[in-house]
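Since the structure is predicted, the reported quantities are computational estimates derived from the model, not experimental observations.
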Amino acid sequence: MHRVSIQTHDFDVSTELAALRARDARVGAVCCFVGTVRDRNEGDSVASMELEHYPGMTEKSIEAMVDAAFARFNLYGVRVIHRVGLLAPMDQIVMVAVTSAHRGESFQACEFVMDYLKTQAPFWKKEQTPEGARWVDARVSDDAALARWGIAAPPQVG
């Protein structure tokens with residue numbers, strides 16, 4: 001099973017979780033986060049979101065995040081799926097799932113990977129709003145979430 005997938009098509013959470021924990025009797029905990037496209041951002045309605053990435057580079061970056069999670073937590077498996085292309089409100093955009101022996105480790109690792117992913121993964125997001133298209137910048141709150149793990153976000157360019 002691949003640890004990281006970047007794809008345009010939707011994913012089935014149940015299928016992904018079943019594959020992640022398949023035939024591994026050590027697993028006592030599975031934690032999963034699924035992010036969806038919201039219909040509002042920064043007070044404006046959002047009609048759609050388009051995500052771009054650099055194939056190969058993005059996967060390599062996320063694989064490094066997964067390696068960091070394995071180094072930090074006692075995990076059995078990690079699965080990250082991130083969608084790209086044109087997405088509408090309520091569409092699934094990201095899934096992070098982890099398995100471990102105990103729930104505490106799974107909860108922490110899932111949050112760690114998601115915080116890391118939100119700030120460090122090379123994706124570019126463009127929203128369509130009533131005022132037109134706009135690029136979505138990283139949030140200060142996302143950088144703060146990453147900082148609690150002892151990881152500094154890279155400086156913003158521009």
Open item on the list: Do V113 and V80 have side chains that approach each other closer than 4.5 Å (heavy atoms only, starting at C-beta)?
Closed with: yes
Open item on the list: Would you compute the distance between atom CD of E105 and atom SG of C31 and round it to the nearest 0.5 angstrom?
Closed with: 11.5 Å
Task: Atom pair NE2/CD1 of H53 and I6 - distance to nearest 0.5 Å - done: 5.5 Å
TODO: Would you name the heavy atoms of A133 and Q128 that are closest together and state the gap between them?
DONE: CB-NE2, 3.3 Å
Open item on the list: Please find the pair of heavy atoms, one from L20 and one from V98, that lie closest to each other, and give the distance.
Closed with: CD2-N, 4.1 Å
Open item on the list: Membership question, hydrophobic clusters at under 4.5 Å side-chain separation (ILVMFWY): are W124 and M49 in the same one?
Closed with: no
Open item on the list: Please determine whether residues V46 and I93 belong to a single hydrophobic cluster, defined as Ile, Leu, Val, Met, Phe, Trp and Tyr linked transitively by side-chain heavy-atom distances below 4.5 Å.
Closed with: no
Task: Backbone of D115 reached by a side-chain donor or acceptor of T119 within 3.5 Å - done: yes
Open item on the list: Below 30° counts as parallel, above 60° as perpendicular, anything between as tilted: where do the rings of F123 and H82 land?
Closed with: parallel
Open item on the list: Main chain of A29, side chain of R103: is a donor-acceptor contact present, judged purely on distance under 3.5 Å?
Closed with: no
- [ ] Starting from the C-alpha separation in whole Å, work towards a yes-or-no answer on side chain to side chain contact (heavy atoms under 4.5 Å, CB included) for M95 and F33.
- [x] CA-CA 6 Å; M95 182 192 87; F33 170 83; over 6 Å; no
Open item on the list: Checking the side chain of E127 only, and the main-chain atoms of T129 only, is there a donor and an acceptor separated by less than 3.5 Å?
Closed with: no
TODO: Given side chain to side chain contact (heavy atoms under 4.5 Å, CB included), test K125 with W135 step by step and report yes or no.
DONE: CA-CA 6 Å; K125 301 175 184 178; W135 292 99; 5.8 Å; no
Task: Minimum-distance pair of heavy atoms, taken over all atoms of A68 and F112 - done: C-CE2, 4.0 Å
Open item on the list: When you compare the side chains of S5 and R79, does any donor N or O come within less than 3.5 Å of an acceptor on the partner?
Closed with: yes
Open item on the list: Under 4.5 Å between side-chain heavy atoms, counting indirect links through other Ile/Leu/Val/Met/Phe/Trp/Tyr residues: same cluster for V13 and I81 or not?
Closed with: yes
Task: Backbone of A88 reached by a side-chain donor or acceptor of D91 within 3.5 Å - done: yes
TODO: Determine, step by step, whether L117 and V96 satisfy the side chain to side chain contact (heavy atoms under 4.5 Å, CB included) criterion, reporting the C-alpha distance in whole Å, the side-chain angles of both residues, the deciding distance to 0.1 Å, and the verdict.
DONE: CA-CA 9 Å; L117 187 66; V96 172; 4.1 Å; yes
TODO: With rounding to the nearest 0.5 Å, note down the distance linking CZ in R83 to CD in Q7.
DONE: 7.5 Å
Task: Exam field: side chain T99 to backbone G77, donor-acceptor pair closer than 3.5 Å - done: yes
Task: Path from L17 to F107 over hydrophobic side-chain contacts below 4.5 Å - done: no
Task: Validation row: C32, C110 side chains within 4.5 angstrom (heavy atoms) - done: no
- [ ] Can you establish whether the number of heavy atoms outside R21 located under 6.0 Å from its atom CZ is more than 12?
- [x] no
- [ ] Please tell me if the side chains of L87 and E50 come closer than 4.5 Å, counting only heavy atoms from C-beta onward.
- [x] no
Open item on the list: Looking at every non-hydrogen atom in both residues, tell me the closest pair between L75 and A109 and how far apart they are.
Closed with: CD2-CB, 3.5 Å
Open item on the list: For D10 and Q92, which I'm curious about, is there any donor-acceptor pair between the side chains at under 3.5 Å?
Closed with: yes
- [ ] Mind checking salt bridge (Lys or Arg N to Asp or Glu O under 4.0 Å) for D12 and listing every partner two or more places apart, or none if nothing turns up?
- [x] none
Would you list the atom pairs, donor with acceptor, under 3.5 Å between side chains in residues 54-67 and any protein atom, with sequence neighbours excluded?
| from | atom 1 | to | atom 2 | distance (Å) |
| --- | --- | --- | --- | --- |
| T58 | OG1 | Y54 | N | 3.3 |
| T58 | OG1 | Y54 | O | 3.1 |
| T58 | OG1 | P122 | O | 3.2 |
| E59 | OE1 | G56 | N | 2.6 |
| E63 | OE1 | R3 | NE | 2.9 |
| E63 | OE1 | R3 | NH2 | 2.5 |
| D67 | OD1 | R3 | NH1 | 3.3 |
| D67 | OD1 | R3 | NH2 | 2.6 |

Task: Distance (rounded to the nearest 0.5 Å) between H102 NE2 and F73 CZ - done: 15.0 Å
